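Since this is a predicted model, take the numbers as computed values, not measurements. Throughout, numbering of the chain's residues begins at 1 and tracks the sequence. Start at 1 and go down the list; that is how both ligands and their atoms are numbered.
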Amino acid sequence: MDDLSTIRSETLAAVAAATDARALDAARVAALGKNGRVTGLMKTLGALPPDERKAFGQTVNTLKDEIAAALDARKADIDRASLAARLEAERLDVSLPVRPERMGTLHPIGQTIDEICAVFGEMGFVWAEGPDIEDDWHNFEALNFPPDHPARQMQDTFFLPPRADGMPMVLRTHTSPVQARTMLDKRVQKMLADGGSLRVIVPGRTFRTDSDQTHTPMFHQVEGLVIDRTTHMGHLKGCLTDFCRAFFEVDDVPVRFRPSYFPFTEPSAEVDIGCSWKGGELRIGAGDSWLEILGSGMVHPNVLRHCGLDPEIYQGFAFGMGIERVAMLKYGVPDLRTFFDSDLRWLRHYGFSALDVPSLTGGLSR
Ligand code: 2NL
């Protein structure tokens with residue numbers, strides 16, 4: 001049998017030499033395990049004479065405590081070292097600049113729609129949408145288009161196969177059928193009957209069979225509608241004047257209302273803003289020229305009637321504008337057709353940051 005001091009020095013040496021948890025555990029088992037050397041010493045106690053037994057027992061216990069303490073201390077060292085090694089191996093340099101990923105841009109048409117809806121949103125208008133494929137009734141009949149109106153003729157309208165009930169179907173030629181559907185909505189009629197006001201702004205795709213330098217078969221419109229019992233032409237003028245100044249971000253831009261004709265409004269007016277041309281470049285603001293921006297008017301009694309509203313009770317105004325046209329004027333886009341070319345270089349030049357959401361308080365365009 002080994003003597004106590006040999007067991008002590010060899011065990012402490014094994015503990016000190018252990019560099020990982022497994023080696024340390026082997027040293028523990030070799031000394032303190034069921035068949036360990038210190039455990040073996042304990043087993044010899046019974047064979048000792050009683051007068052030696054107590055002193056030897058105490059010595060072995062002291063050795064046991066000493067080894068246990070050495071094991072604990074070594075374990076703490078090994079844990080600390082392995083944590084330090086992991087921290088070193090998994091080090092992240094958070095000061096490194098991010099990889100230069102190029103961000104996408106918002107298309108100027110979407111940006112312009114968002115800007116227009118932000119201005120009208122601030123005035124209490126709500127956004128509405130509807131289907132691109134419409135029936136003849138919502139696209140024309142409800143809107144007081146006489147059967148022989150030019151916009152109904154083959155050259156302007158994309159006709160689709162008729163519906164099962166025989167109703168002629170079209171790609172909508174304007175967004176007005178969405179306003180018609182809104183007025184026909186029973187919840188809206190209840191709200192109006194209860195004395196409320198309808199203020200709706202309707203952006204969307206529209207389709208006509210035109211295709212040349214200044215017309216594409218698909219284009220975008222925003223139309224608006226206000227209905228209650230008291231809204232009059234003065235409100236139309238104030239609302240659209242405020243819109244032009246806010247949208248073009250020119251406080252003192254002159255606004256002119258010119259008599260016009262639309263089937264769904266009476267009286268009707270086109271809205272122009274002041275501008276000037278210097279060296280072929282357009283400047284919006286007081287000047288010697290005018291630019292047509294909007295069409296507008298008081299909603300025709302026939303339209304109200306068709307949409308389930310009594311024209312003896314309700315009245316209001318409506319307006320519409322072409323998005324491509326106002327986007328070209330505001331952002332200096334020279335060619336209409338480039339909007340639909342999907343040219344990435346063009347999109348990077350004319351596109352907008354997705355992080356700049358248009359608002360009157362935060363700025364419409366940046
Ligand atoms: C333009 C002219 C306009 C409307 C659209 C409208 C809709 C309903 C009732 C009455 Cl449901 N009017 N829309 C009214 C006047 C003009 O648009 O130049 N658009 C590009």
Criterion ring-ring contact (aromatic ring centres under 6.0 Å, His included) on F125 and F243, from CA distance to verdict: CA-CA 12 Å; F125 285 69; F243 164 73; 9.8 Å; no
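In summary, the atoms of ligand 1 found under 4.0 Å from a heavy atom of F319, numbered by their order in the structure, are 3 (C), 5 (C). Taking every heavy atom of Q221 and a limit of under 4.0 angstrom, the matching atoms of ligand 1 come to 19 (N), 20 (C). Shown in contact with M321 at under 4.0 Å from a heavy atom are these atoms of ligand 1, numbered in order with element: 19 (N), 20 (C). Taking every non-hydrogen atom of G320 and a distance limit under 4.0 Å, the qualifying atoms of ligand 1 come out as 1 (C), 2 (C), 3 (C), 5 (C), 16 (C), 17 (O), 18 (O), 19 (N), 20 (C). Heavy-atom contacts of T265 reach the following atoms of ligand 1: 10 (C), 12 (N), 14 (C), 15 (C) (cutoff under 4.0 Å). In the vicinity of E223, heavy-atom distances shorter than 4.0 Å reach the ligand 1 atoms 4 (C), 5 (C), 6 (C), 7 (C), 13 (N). Contact atoms of ligand 1 toward Q179: 7 (C), 11 (Cl) (distance under 4.0 Å to a heavy atom of the residue). Remark: ligand 1 atoms within the under-4.0 Å shell around heavy atoms of M183 are 11 (Cl).
Residue pairs meeting the side chain to side chain donor-acceptor pair (under 3.5 Å) criterion with at least one partner in residues 257-270, sequence neighbours excluded, are R258-E270, R258-D272, S260-E270, T265-S268.
Taking the six-membered ring where the residue is Trp, W346 and Y350 present tilted rings, their angle falling between 30° and 60°.
For the pair Q111 and L106, the tightest heavy-atom approach, listed with the atom from each and the gap, is OE1-CD1, 4.3 Å.
Judged by the 6.0 Å distance and 45° axis criteria, R283 is not positioned over the aromatic ring of W277.
Judged purely by atom type and a 3.5 angstrom limit, T231 has no side-chain atom pairing as donor or acceptor with the backbone of I227.
Apart from V357 itself, the hydrophobic cluster it occupies contains nothing, where clustering links Ile, Leu, Val, Met, Phe, Trp and Tyr at side-chain heavy-atom distances under 4.5 Å.
The closest approach between any non-hydrogen atom of R325 and ligand 1 is not below 4.0 Å.
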